[in-house]
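Just so you know, these numbers use all the heavy atoms, side chains as well, and skip hydrogens, waters and symmetry mates. Note that the coordinates shown come from a computational prediction; the quantities given were computed from them, not determined experimentally. Whatever order the structure lists them in is the order used to number ligands and atoms, beginning at 1.
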Amino acid sequence: MIVDSYRGRDTWIEIDVKAIASNVKAVKTLHHPDVHIMAVVKADGYGHGAVTVARTAIEAGAEWVGVALLEEAVELREAGIEAPILVLGPINPQDASVAQRYRISITVFQSGWLTEAGSYLEPEPPLHVHLKCDTGMGRIGLTDGQTLLDMIKILKADKRFEMTGIFTHLATADEWESDYLSRQLTAFQSYVQLAKETAGHIPYVHYSNSAASLRYPGNDYNMIRFGISMYGLVPAIETATDIPVSLKPAMSLHSRLTHVKKVQPKTSISYGATYIASEEEWIGTVPIGYGDGWLRANATNGGEVLVEGERCPMIGRICMDQMMIRLPAEVPIGTKVTLIGKQKREEISIEEVSERLSTITYEIPCTLNGRIPRMYTNLDS
Ligand SMILES: *Cc1c(COP(=O)(O)O)cnc(C)c1O
């Protein structure tokens with residue numbers, strides 16, 4: 001902060017933590033009480049703030065936290081989160097002792113990795129590993145039974161390792177077509193059986209992401225990895241009708257008009273002078289741009305924002321830090337502009353923004369960058 005009285009730019013993201021808690025509780029109702037929930041908070045909690053989301057989810061009944069990178073896990077530990085954490089992505093063998101020190105579970109899928117990590121490990125505490133099987137995602141994971149057996153052999157022989165889980169990741173759980181998913185499941189079942197025959201009891205067996213945990217509950221061994229829908233977003237718009245609980249979106253995005261003016265017909269607006277007023281028009285300036293991750297395509301693809309509960313088009317090119325909108329009438333400078341979220345009876349959802357940008361819901365909160373401050377609402381209830 002520059003000085004205590006510094007007010008800063010009026011552009012902010014609100015995160016409704018009650019919505020996150022409600023989504024965790026909603027998915028819990030679909031599952032057997034013995035099924036553990038892993039709150040997936042990689043990429044700074046899908047842009048919502050990893051630490052606050054993790055705390056909220058744990059409070060609401062999640063027992064595990066999932067991240068993609070080791071440094072994301074360390075950040076949570078340093079913030080005082082004591083729940084078990086699994087790094088879902090690969091880590092370098094050189095960093096195995098960091099995972100040990102912070103008691104972070106990691107994902108392994110190559111026997112060479114285990115051998116190499118062995119030369120970096122401290123005698124204790126044991127490094128908890130989850131074996132990753134690639135059953136059709138084609139990203140990371142072992143792809144044959146022999147590798148599974150080789151790895152279990154190394155893990156059993158070295159007391160510095162403890163095998164605590166086995167998992168896979170689904171490629172098509174958010175689609176109507178389900179044959180591919182069935183084939184992944186069958187392949188996973190064989191790996192799990194082979195692993196149990198060789199290693200005995202395995203505490204955590206998991207394969208469901210949000211889509212599978214909502215669309216195929218009851219099918220999910222003993223843990224689900226709940227990401228996108230914890231934030232109140234559907235994994236895919238096409239299969240949204242197949243989701244049996246009501247999800248509450250946690251993120252909204254707001255700003256305030258910094259300038260309002262009446263322009264004459266034929267006045268052009270923004271870079272390239274591509275927008276030309278066809279009549280006398282009221283134009284507002286909003287302090288947000290592609291430097292915040294509010295991409296130019298939001299305007300070129302005909303997007304709208306809310307002002308006083310009415311939809312207003314973004315016009316001309318979005319700049320790095322500012323953009324313009326057409327207002328139905330004069331409104332005061334400082335009037336609130338909602339880019340994502342509700343005003344009166346209107347709502348612009350992340351689903352709408354993702355369709356506007358021809359992408360998936362996931363990309364929207366992840367793209368809105370750290371230049372926009374996150375404000376948490378409903379924190380103390
Ligand atoms: C990101 C991720 C998840 C969460 O997926 P959602 O679709 O957001 O629920 C689960 N498992 C793995 C391995 C992941 O990388």
Exercise for review: Keeping the roles fixed (side chain from Asn301, backbone from Arg356), state whether a donor-acceptor pair exists under 3.5 Å.
Suggested key: yes
Review point. Hey, looking at atom 2 (C) of ligand 1, which of Met38, Lys132, Lys42 has the closest heavy atom?
Key: Lys42
Point to revise | Numbered atoms and elements of ligand 1 in range of Asn209, under 4.0 angstrom, heavy atoms | key: 5 (O), 7 (O), 9 (O)
Revision key, fill the gap. Taken in chain and number order and not counting sequence neighbours, the residues that satisfy side-chain hydrogen bond (donor to acceptor under 3.5 Å, both in side chains) with Thr168 are Thr135
Practice item. Report yes if some N/O of Ile228 lies less than 3.5 Å from some N/O of ligand 1; otherwise report no. Key: yes
**Study point:** Protein contact of atom 4 (C) of ligand 1 - nearest heavy atom, named by residue and atom, plus distance
**Key:** Tyr46 OH, 3.4 Å
Exercise for review: Show which atoms of ligand 1 fall inside a sub-4.0 Å distance from at least one heavy-atom site of Arg225.
Suggested key: 9 (O), 10 (C), 11 (N), 12 (C), 13 (C)
Check your understanding: When you measure from atom 12 (C) of ligand 1 to each heavy atom in Met137, His206, His169, which option holds the nearest one?
Key -> His169
Review point. For ligand 1, is there an N or O atom under 3.5 Å from any N or O atom of Gly227?
Key: yes
Identify each donor-acceptor pair in which a side-chain atom of residues 90-101 lies under 3.5 Å from a protein atom, sequence neighbours left out, and give them as a table.
unit_1 : atom_1 : unit_2 : atom_2 : d
Gln100 : OE1    : Glu122 : N      : 2.8
Gln100 : NE2    : Glu122 : O      : 2.8
Gln100 : NE2    : Pro125 : O      : 3.0

Point to revise | Identity and separation of the nearest protein heavy atom to atom 9 (O) of ligand 1 | key: Ser210 OG, 2.5 Å
Exercise for review: Salt-bridge test for Asp44 and Arg374: reply yes if a basic N is under 4.0 Å from a carboxylate O, no otherwise.
Suggested key: no
Review point. What is the closest protein heavy atom to atom 7 (O) of ligand 1, and at what distance does it sit?
Key: Tyr362 OH, 2.6 Å
Check your understanding: Mind checking whether Met320 and Leu253 sit in one hydrophobic cluster, side chains of I, L, V, M, F, W, Y counted as touching below 4.5 Å?
Key -> no
Review point. Under 30°, 30 to 60°, or over 60°: which ring-plane class applies to Tyr221 and Tyr207, parallel, tilted or perpendicular?
Key: perpendicular
Review point. Checking Tyr231 side chain against Lys248 main chain: does a donor-acceptor pair fall under 3.5 Å?
Key: no
